[in-house]
Amino acid sequence: QVQLVESGGGLVQPGGSLRLSCAASGLAFSNYAMGWFRQAPGKEREFVAHVRWSGFSTLYADSVKGRFTISRDNTKNTVYLQMNSLKPEDTAVYYCAAGKWATSAADAYDYWGQGTQVTVSS
């Protein structure tokens, strides 16, 4: 059974940092592209970043480019999202996802985690 478990969310002040982790099990992790998405209340789920199986190719949404960094450790079956210079508009539930293709399209991903809440507020 495939499981993706996110952790690292919480409450942070504007300008602060958080690092999200997503631990995967039940799949050949190094064969999958990994993505991070987020969903704010009343809004649709949106793409944040993805990384290809090798870890050497990444893509970011314009809204997070230069502030967020996605990375993966295939020896630990884990993908990370380092979030710096956080803004109130980054407040959302953050989800990791695994799929065969690195894409910004949510419906292309096969497996999803349960999400972790990130709240940016003073």
Side-chain angles (χ1 to χ4, degrees):
Q1 181 180 356
V2 175
Q3 283 194 314
L4 302 178
V5 180
E6 300 98 335
S7 60
L11 173 64
V12 63
Q13 292 186 341
S17 298
L18 283 175
R19 188 173 87 150
L20 305 184
S21 300
C22 171
S25 61
L27 78 170
F29 181 76
S30 61
N31 290 346
Y32 283 81
M34 298 299 296
W36 284 99
F37 292 78
R38 67 186 182 186
Q39 188 167 18
K43 295 187 177 181
E44 293 187 353
R45 189 170 298 191
E46 66 172 356
F47 168 74
V48 175
H50 69 59
V51 58
R52 294 186 189 275
W53 65 271
S54 66
F56 293 116
S57 178
T58 59
L59 183 70
Y60 298 90
D62 287 344
S63 58
V64 306
K65 200 173 296 182
R67 300 188 297 121
F68 291 11
T69 302
I70 188 171
S71 62
R72 65 189 295 162
D73 185 340
N74 287 344
T75 67
K76 297 181 178 180
N77 287 2
T78 301
V79 62
Y80 305 96
L81 186 68
Q82 177 66 45
M83 305 186 295
N84 299 328
S85 302
L86 283 160
K87 304 175 181 179
E89 52 263 44
D90 294 318
T91 295
V93 177
Y94 283 71
Y95 300 89
C96 69
K100 287 297 188 181
W101 306 105
T103 171
S104 59
D107 58 6
Y109 288 82
D110 301 312
Y111 306 106
W112 290 83
Q114 83 290 348
T116 185
Q117 176 71 47
V118 171
T119 302
V120 184
S121 175
S122 55

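Remember, predicted model here, so these are calculated numbers, not experimental data.
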Problem set entry | Path from W36 to L59 over hydrophobic side-chain contacts below 4.5 Å | no
Exercise. Would a hydrophobic clustering, with Ile, Leu, Val, Met, Phe, Trp and Tyr connected at side-chain separations under 4.5 Å, put L81 with Y109?
Worked result: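 Unlinked, L81 and Y109 end up in two clusters.
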For this session: Compare all side-chain heavy atoms of Y80 with those of R19 and state whether any distance is below 4.5 angstrom.
Result: yes
Problem set entry | Sub-4.5 Å side-chain heavy-atom contact between D90 and F68 | yes
Problem set entry | Any donor-acceptor pair under 3.5 Å from R72 side chain to F29 backbone |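 Side chain of R72 to backbone of F29, a donor-acceptor pair under 3.5 Å: yes, one is there.
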For this session: Look only at the side chain of E6 and the backbone of C96, and say whether a donor-acceptor pair between them is shorter than 3.5 Å.
Result: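 The answer is yes, because a donor-acceptor pair under 3.5 Å joins these two groups.
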Quick one: closest heavy-atom pair of [X] and [Y], and the distance?
| X | Y | value |
| --- | --- | --- |
| Y95 | Q114 | CE2-O, 3.5 Å |
| A92 | Q117 | O-NE2, 3.4 Å |
| L20 | M83 | CG-CE, 3.7 Å |
| S122 | P14 | N-CD, 3.7 Å |
| A98 | M34 | CB-SD, 3.5 Å |
| V64 | V48 | CG2-O, 3.6 Å |

Problem set entry | Donor + acceptor pair across side chains of T78, D73 (<3.5 Å) | no
Problem set entry | Pi-cation contact, W112 with R45 (under 6.0 Å, within 45°) |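 That pair qualifies as a cation-pi contact.
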Exercise. Just wondering, more than 12 heavy atoms not from E89 lying within 6.0 Å of its CD?
Worked result: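 Yes, enclosed.
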For this session: Taking only Lys NZ, Arg NE, NH1 and NH2, and the carboxylate oxygens of Asp or Glu, determine whether D62 and K65 approach each other closer than 4.0 Å.
Result: yes
For this session: With rounding to the nearest 0.5 Å, note down the distance linking CZ in R52 to CH2 in W101.
Result: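 CH2 of W101 is found 9.0 Å from CZ of R52.
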For this session: For residues Y60 and F47, establish whether the separation of their ring centroids is below 6.0 Å.
Result: no
